[in-house]
Amino acid sequence: MSQLKVNSIIPVAGVPTGGGGGIVQIKQTVKTSFQSLTTKDVVTDVTSVAITPTSSSSKIFIIVSGERGDSNGNTFGMFFISRVLSGSTTDLALGDSRGSCIRCSMSATKIQSGSTTVAMPFGIQFLDSPSTTSECTYKLRMVNAHDSTMCVGGTFDDGDDNRTSVPTIITVMEVSA
C-alpha cells in the first residue's frame, strides 16, 4: 500500500487570499469510559488532546462532543474548554460576566426531576489562536455545581438497554493562517 505524505491539505479551489486556510494536522482523543463527579464546585479534567503547531500564525480548531447525565435529574454543571501552554491553563470561549452567573464554555444543566435515565448531548466548536509553536494541550473540564452526581459518558443509570454509553471526543486541527 502506498502512502501520501503532505505538509498541508489545500482546498481544490486553492487557498484563500493571503495564503491560509489549509488543514496542517489533526489530533483526536476518544474517551470511551464513564466518569462521574460527586464533589461540588471542583474543576475536574474529563479528557484532553495535545498538538504542537507548526507555525505561530496557525489557528487551532477545537471540536468537542459527548453526553452527560446525573444521579437525580436536577443537576447544574458547567464545561470548560481550556488550553494548557507552558504549564499555564487558560479557559477559552467563556461567556461575559453577568450577575452571579458562572462564566463557562458550555452549560451542563439538566432539569428533569428524578430521572437518572436521560443523558443530554453537549458539543462546542471554537477556533483558538495560541500564537506559538510549543505543544498545546486542549482539555475538556467540568464542574458540578449541585449536590448530586454529574457524569459524562452517557446516562447515570445503566439498568437496561434503554440507557446509553457514549464516547467523549475532543478533536483539534491546525489550520494555516
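One-based numbering along the sequence shown. Basis for what follows: all heavy atoms, side chains included, without hydrogens, waters or symmetry-related copies. Please read these numbers as outputs of a predicted model, since none were measured by experiment.
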*How about Thr164 and Glu67: does a side-chain donor come under 3.5 Å of a side-chain acceptor?*
yes
_Show the nearest heavy-atom pair for residues Arg103 and Gly95, with the distance to one decimal._
NE-O, 2.6 Å
_Is there a continuous path of hydrophobic side-chain contacts, each under 4.5 Å between heavy atoms, that joins Phe61 to Ile26?_
yes
*How far apart are the closest heavy atoms of Leu85 and Cys136, and which atoms are they?*
CD1-SG, 4.0 Å
*Can you run down the salt bridge (Lys or Arg N to Asp or Glu O under 4.0 Å) pairs that involve residues 168-177, sequence neighbours left out, and say none if there aren't any?*
none
_Stepwise side-chain contact (heavy atoms from CB on, under 4.5 Å) check, Thr137 with Glu135_ = CA-CA 7 Å; Thr137 299; Glu135 181 181 75; 4.2 Å; yes
*Report yes if the side chains of Thr149 and Phe156 come closer than 4.5 Å at any heavy-atom pair, otherwise no.*
yes
_Close side-chain approach of Phe126 and Ile81, heavy atoms under 4.5 Å_ = no
_Show the nearest heavy-atom pair for residues Val30 and Pro167, with the distance to one decimal._
CG1-CB, 3.8 Å
_With clusters defined by side-chain heavy atoms of hydrophobic residues (ILVMFWY) lying less than 4.5 Å apart, directly or transitively, does Leu92 cluster with Ile60?_
yes
Under 3.5 Å, side-chain donor or acceptor atoms of residues 35-51 against the rest of the protein: list the pairs with distances, not counting sequence neighbours.
| from | atom 1 | to | atom 2 | distance (Å) |
| --- | --- | --- | --- | --- |
| Gln35 | OE1 | Lys31 | NZ | 2.2 |
| Gln35 | NE2 | Asp45 | O | 3.1 |
| Asp45 | OD2 | Lys139 | NZ | 2.9 |

*Contact summary for Lys59 and Leu127, nearest pair of heavy atoms*: CB-CD1, 3.6 Å
*Derivation of the side-chain contact (heavy atoms from CB on, under 4.5 Å) call for Phe34 and Val152*: CA-CA 6 Å; Phe34 180 85; Val152 292; over 6 Å; no
*Going by the ring pair (Phe, Tyr, Trp, His ring centres under 6.0 Å) test, which pairs reach into residues 78-106, not counting sequence neighbours?*
Phe79-Phe122
_Do Leu94 and Ile124 sit in one hydrophobic cluster, given that two such residues count as connected whenever their side-chain heavy atoms are within less than 4.5 Å of each other, even indirectly?_
no
_Salt bridge or not between Asp70 and Arg68? Use side-chain N to carboxylate O under 4.0 Å._
yes
*Please step through side-chain contact (heavy atoms from CB on, under 4.5 Å) for the pair Arg83 and Asp128, ending with a clear verdict.*
CA-CA 9 Å; Arg83 176 190 347 106; Asp128 186 33; 2.7 Å; yes
*Look at Arg163 together with Asp158 and state whether they make a salt bridge at an N to O cut-off of under 4.0 Å.*
no
*Would you say Ser176's side chain and Gly22's backbone share a donor-acceptor pair under 3.5 angstrom?*
yes
*Please report the shortest heavy-atom distance between Pro130 and Pro53, naming the atom on each side.*
CG-CG, 4.5 Å
_Looking at every non-hydrogen atom in both residues, tell me the closest pair between Cys151 and Thr155 and how far apart they are._
SG-C, 4.3 Å
_Please tell me whether Ser57 and Ser55 have a donor and an acceptor in their side chains that are separated by less than 3.5 angstrom._
yes
*Same hydrophobic cluster for Met106 and Ile62, using side-chain heavy-atom links shorter than 4.5 Å among ILVMFWY?*
yes
*Could you go step by step and tell me if Met173 and Gln25 meet the side-chain contact (heavy atoms from CB on, under 4.5 Å) rule?*
CA-CA 6 Å; Met173 295 181 241; Gln25 61 176 317; over 6 Å; no
_salt bridge (charged side-chain N to carboxylate O under 4.0 Å, His left out) evaluation trace for Arg141 with Asp91_ = CA-CA 9 Å; Arg141 304 184 312 148; Asp91 292 327; 2.7 Å; yes
*With rounding to the nearest 0.5 Å, note down the distance linking CD1 in Ile169 to CG in Leu140.*
12.0 Å
